[in-house]
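Read through the structure below, which is laid out as structure tokens, and then see the notes.
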Amino acid sequence: PYLFLETEEQETTEGKYMKRVNLIFMLLIVFLLATSLHLDNNVLEKLGMAIAVGYDQGEDKTIKANFVIHEIDPNSKSSVITISSEAMTSKGTRTAANRKSNKKIVSGQLRVAIYHDKLAQKGLQPLVDTLFRDASIASTVYMAVSKDTTEDLLLHKYTKLPDIGSFIVDNIHQNII
């Protein structure tokens, strides 16, 4: 009867091997976690920040929205663009506008929502409710009703005003306070 007796040399060699295997296993887990938990960064250059939005009555019970969007782009001549879209809901209009834009439109910088008076006469509750439910929109958003269509108001090319959205916000703020 022979007993297998390990020598100290064999024991230390196997111990070193197991430590290496454990180290490689731990590094693999850390690497996999770091790559699989990639969070979507909202880099400013990839975003279009809506400053003002205007809603008009569209055709066939749809809503037409006009967005004034600030773009952070050092290569752009103008930092403000306007996009129009049409859908059944205000959220749908933002989705449709996102399809037209090369940047993701976000509403975190929204300062004013303007409604055409014909649309306002039919009721603003569904449109305003969407603004209140969006956590990214501040509670200090100004709301206004316009006699002219918001398309005429926001999409017109003003030669002396480079940013109609900020101009409207500043005017409302000045006249309220």
Side-chain angles (χ1 to χ4, degrees), residues 38-177:
H38 173 67
L39 300 175
D40 187 26
N41 293 334
N42 283 333
V43 181
L44 287 178
E45 287 81 11
K46 294 179 182 178
L47 299 178
M49 295 178 283
I51 300 298
V53 62
Y55 296 104
D56 294 321
Q57 183 64 52
E59 296 177 13
D60 298 327
K61 298 184 181 181
T62 61
I63 300 167
K64 186 171 185 180
N66 304 291
F67 296 89
V68 177
I69 299 167
H70 277 216
E71 285 190 324
I72 309 295
D73 188 3
N75 300 327
S76 178
K77 294 178 184 177
S78 173
S79 65
V80 177
I81 62 168
T82 54
I83 296 178
S84 291
S85 61
E86 195 165 339
M88 296 299 290
T89 63
S90 57
K91 188 172 184 179
T93 59
R94 190 168 76 184
T95 302
N98 265 317
R99 284 190 224 117
K100 291 181 178 182
S101 175
N102 62 343
K103 304 208 180 210
K104 181 182 176 186
I105 298 174
V106 293
S107 54
Q109 291 296 315
L110 186 66
R111 298 290 178 245
V112 64
I114 306 168
Y115 304 94
H116 186 239
D117 63 350
K118 289 182 183 177
L119 183 63
Q121 289 171 1
K122 293 182 179 181
L124 293 179
Q125 179 62 32
L127 297 169
V128 173
D129 188 51
T130 303
L131 291 177
F132 286 128
R133 289 180 184 267
D134 191 341
S136 66
I137 297 176
S139 61
T140 58
V141 172
Y142 294 122
M143 294 190 306
V145 177
S146 171
K147 290 181 182 177
D148 295 330
T149 64
T150 62
E151 182 176 20
D152 292 341
L153 183 68
L154 297 176
L155 300 184
H156 180 77
K157 298 293 182 195
Y158 298 95
T159 56
K160 295 184 180 183
L161 298 173
D163 180 5
I164 186 62
S166 294
F167 176 77
I168 292 171
V169 170
D170 291 342
N171 258 342
I172 292 173
H173 182 73
Q174 175 185 348
N175 289 309
I176 287 177
I177 295 177

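The basis for the numbers below is simple: all heavy atoms, side chains too, and nothing from hydrogens, waters or symmetry mates.
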Given the rule in the side chain to side chain contact (heavy atoms under 4.5 Å, CB included) test, do Tyr158 and Lys160 qualify, once you have shown the distances and angles that lead to the verdict? CA-CA 6 Å; Tyr158 298 95; Lys160 295 184 180 183; over 6 Å; no

Fill in: side chain to side chain contact (heavy atoms under 4.5 Å, CB included) assessment of Lys103 paired with Leu47
CA-CA 5 Å; Lys103 304 208 180 210; Leu47 299 178; 5.8 Å; no

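Within the model, atoms CG of Leu155 and CD1 of Ile83 stand 10.5 Å from one another, a figure rounded to the nearest 0.5 Å. Of the inter-residue distances, the one linking Asp56 atom CG with Thr149 atom OG1 reads 5.0 Å to the nearest 0.5 angstrom. Here the CG-NE2 distance, from Asp148 to His156, works out to 11.5 Å after rounding to the nearest 0.5 Å. Rounded to the nearest 0.5 Å, atoms OG1 (Thr82) and CZ (Phe67) are 11.5 Å apart. The distance from atom CG of Leu110 to atom CD1 of Ile51, rounded to the nearest 0.5 Å, is 8.0 Å.
For Phe132, the CZ atom is loosely surrounded, since the number of other residues' heavy atoms within 6.0 Å does not exceed 12.
Contacts classified as side-chain hydrogen bond (donor to acceptor under 3.5 Å, both in side chains) and involving residues 84-93 (residues at least two apart or in different chains) are given here: Thr62-Glu86, Asn66-Ser84, Ser90-Thr130.
Put simply, the residue from Asn175, Ile176, Val169 that forms a side chain to side chain contact (heavy atoms under 4.5 Å, CB included) with Ile172 is Ile176.
Taking every heavy atom of both residues into account, Ser101 and Ile105 meet most closely at CB-CD1, 4.1 Å. What you find for Leu131 and Ala113 is that their closest heavy atoms are CD1-CB, 3.8 Å.
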N/O donor to acceptor pairs below 3.5 angstrom from side-chain atoms of residues 115-124, sequence neighbours left out:
residue : atom : partner : partner atom : Å
His116  : NE2  : Lys147  : O            : 3.3

Which donor-acceptor pairs under 3.5 Å do side chains of residues 133-140 form with protein atoms, sequence neighbours excluded?
residue : atom : partner : partner atom : Å
Arg133  : NE   : Asp129  : OD1          : 3.3
Arg133  : NE   : Asp129  : OD2          : 2.7
Asp134  : OD1  : Ser136  : N            : 3.1
Asp134  : OD1  : Ser136  : OG           : 2.8
Asp134  : OD2  : Arg94   : NH1          : 3.2
Asp134  : OD2  : Ser107  : OG           : 3.1
Ser136  : OG   : Ser107  : OG           : 3.4

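Side chains of Val53 and Leu154 form no contact here, defined as non-hydrogen atoms less than 4.5 Å apart. Under the 4.5 Å side-chain criterion, counting only non-hydrogen atoms from C-beta, Val80 is in contact with His70.
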